[in-house]
Amino acid sequence: MPTKPNELYNILFNKFGPQNWWPIDKKHHINNKSDPRFEIIIGAILTQNTSWLNVEKALENLKNNIILDIDNIINCNKRKLQKLVQPSGFYKQKTDRLIIISRYLKDNYNNNLSQFFNRDTQTIRRELLSLNGIGYETADSILLYAGDKPVFVVDAYTKRICSRIPFKTDLDYDSIQCFFQKQLSKSFSKKDLTRVYNELHALIVVLGKNYCKKKPLCNICPIKDNCKKILF
DNA sequence: GTCCAGGGCCGTT
DNA sequence: AACGGCCATGGA
C-alpha cells in the first residue's frame with residue numbers, strides 16, 4: 001500500500017507537533033486594534049518565492065512605521081512603502097500587489113474583512129485570483145489562514161514531496177490540491193478539515209525546509225520508511 | 001562566489 | 001498547455 005496523505009499528516013504531526021500557523025504579531029494587533037487577518041494577507045504576498053526570514057524583516061519595517069491596516073497601505077507614500085518592503089525582495093511588484101489588494105478590499109468591502117470572508121469560498125477564491133499578483137497559492141493561503149476556509153495549500157515543497165514519495169497524482173496545482181482534499185476528507189471529519197489542512201501545509205513546510213530539500217537528507221528524514229526516493 | 005527561498009506574470013512556442 | 005525569463009533580497 002502506498003503512503004497516503006493522512007499517514008503523512010500523522011507522521012509529521014507526531015514528529016514535529018502542532019505548528020499553529022499563520023505566524024503573526026499578536027501584540028501589534030492588540031495594541032493597535034488592527035485585524036490580524038490583514039497581516040496574513042500581507043505576509044502571503046511578501047513570502048512569494050522568498051524566505052520567511054526576509055519577510056519578517058519587511059513586516060518589522062512596516063509595523064515600525066505604520067499600523068498594519070488597509071488604509072495605511074493605501075495612504076503610505078509609494079516610495080516609502082517600497083523601502084519598507086525591500087528586504088523581502090521583488091519589492092516593486094510586491095508593493096504594487098499590497099496596494100492592489102488593499103484598494104480592492106477598501107473599494108468593494110469597505111475595509112471589512114469579515115464581510116469579505118463571510119461568503120462562498122469559491123466566490124472569494126475567484127475574486128482573489130482575478131487580482132494581479134494573487135495566484136493559486138497566495139489565494140489559497142489567504143483563504144485557509146486568514147479566512148479559516150477548508151482549502152488545502154499547495155506550494156513548491158508539496159510538489160517536491162509528492163513527486164518523491166510518490167503520491168498517485170499529477171503534479172500540477174489543481175491535481176495535487178484535489179488529491180489531498182479528496183483523500184483527507186475520507187480520513188477526517190468535516191469539522192476537522194480546516195485544522196488538518198492548516199497543520200499539514202505547515203508541517204510540509206517544516207519537512208521541505210529541513211529534510212526534503214532540493215538536496216534531500218533522506219537518511220535522517222522522518223518519512224524515509226514511507227518514501228521511495230531514497231537518495232543520500 | 002553560488003544556491004536558494006512558504007510565486008506569479010508575461011511573452012514565446 | 002507548457003516553458004523560460006524576469007522580478008531582488010539576505011542567509012547558509
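Chain A is the first sequence line, chain B the second, and so forth, proteins listed ahead of strands; every chain is numbered from 1. Not measured: the values here are computed from a predicted model.
Among the atoms of the strands shown, only primed sugar atoms or phosphate atoms (P, OP1, OP2) are found under 4.0 Å from some heavy atom of Lys92(A). Using a 4.0 Å heavy-atom distance criterion, Asp155(A) is classed as a sugar-phosphate-only contact. Nucleic acid contact for Tyr91(A): sugar-phosphate only, since backbone atoms but no base atoms lie under 4.0 Å from a heavy atom of the residue. Within the nucleic acid shown, Ala156(A) comes within 4.0 Å of sugar-phosphate atoms alone, with no base atom in reach, counting heavy atoms only. When heavy atoms are screened at a 4.0 angstrom cut-off, Lys57(A) is found touching the sugar-phosphate backbone but no base atom.
Using modelled atom types and a 3.5 Å distance limit, the side chains of Glu7(A) and Asn226(A) yield no donor-acceptor pair. There is a side-chain donor-acceptor pair under 3.5 Å between Tyr104(A) and Glu127(A). Side-chain contact check for Lys4(A) and Ser187(A): no donor-acceptor pair (N or O, by modelled atom type) lies under 3.5 Å. A donor-acceptor contact closer than 3.5 angstrom links the side chains of Arg79(A) and Gln82(A). Using modelled atom types and a 3.5 Å distance limit, the side chains of Gln93(A) and Arg97(A) yield a donor-acceptor pair.
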Stepwise, does the ring pair (Phe, Tyr, Trp, His ring centres under 6.0 Å) test hold for Phe180(A) with Tyr197(A)? CA-CA 9 Å; Phe180(A) 272 85; Tyr197(A) 294 162; 8.8 Å; no
What string of B, S and - do you get for nucleotides 8-13 of chain B 5' to 3' if you count protein non-hydrogen atoms under 4.0 Å? SSS---
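Spacing between dG10(C) and dG8(B) at atom P, rounded to whole Å, works out to 22 Å.
Of all nucleotides in DNA chain C having an atom under 4.0 Å from a heavy atom of chain A, the first and last in 5' to 3' order are dC7(C) to dG11(C).
Of the possible donor and acceptor atoms, none in the side chain of Asn118(A) sits under 3.5 Å from a partner among the backbone N and O of Ser114(A). A donor-acceptor pair under 3.5 Å links the side-chain atoms of Lys94(A) to the main chain of Leu46(A), judged by distance alone.
When each of Thr50(A) and Leu53(A) is assigned the nucleotide of DNA chain C with its nearest heavy atom, Thr50(A) is the one assigned upstream, toward the 5' end.
We find that CD1 of Ile204(A) is positioned 15 Å from P of dA5(B), with the value rounded to whole Å.
Among residues two or more places apart in sequence or in another chain, the ring-ring contact (aromatic ring centres under 6.0 Å, His included) test is passed with Trp52(A) by Trp22(A).
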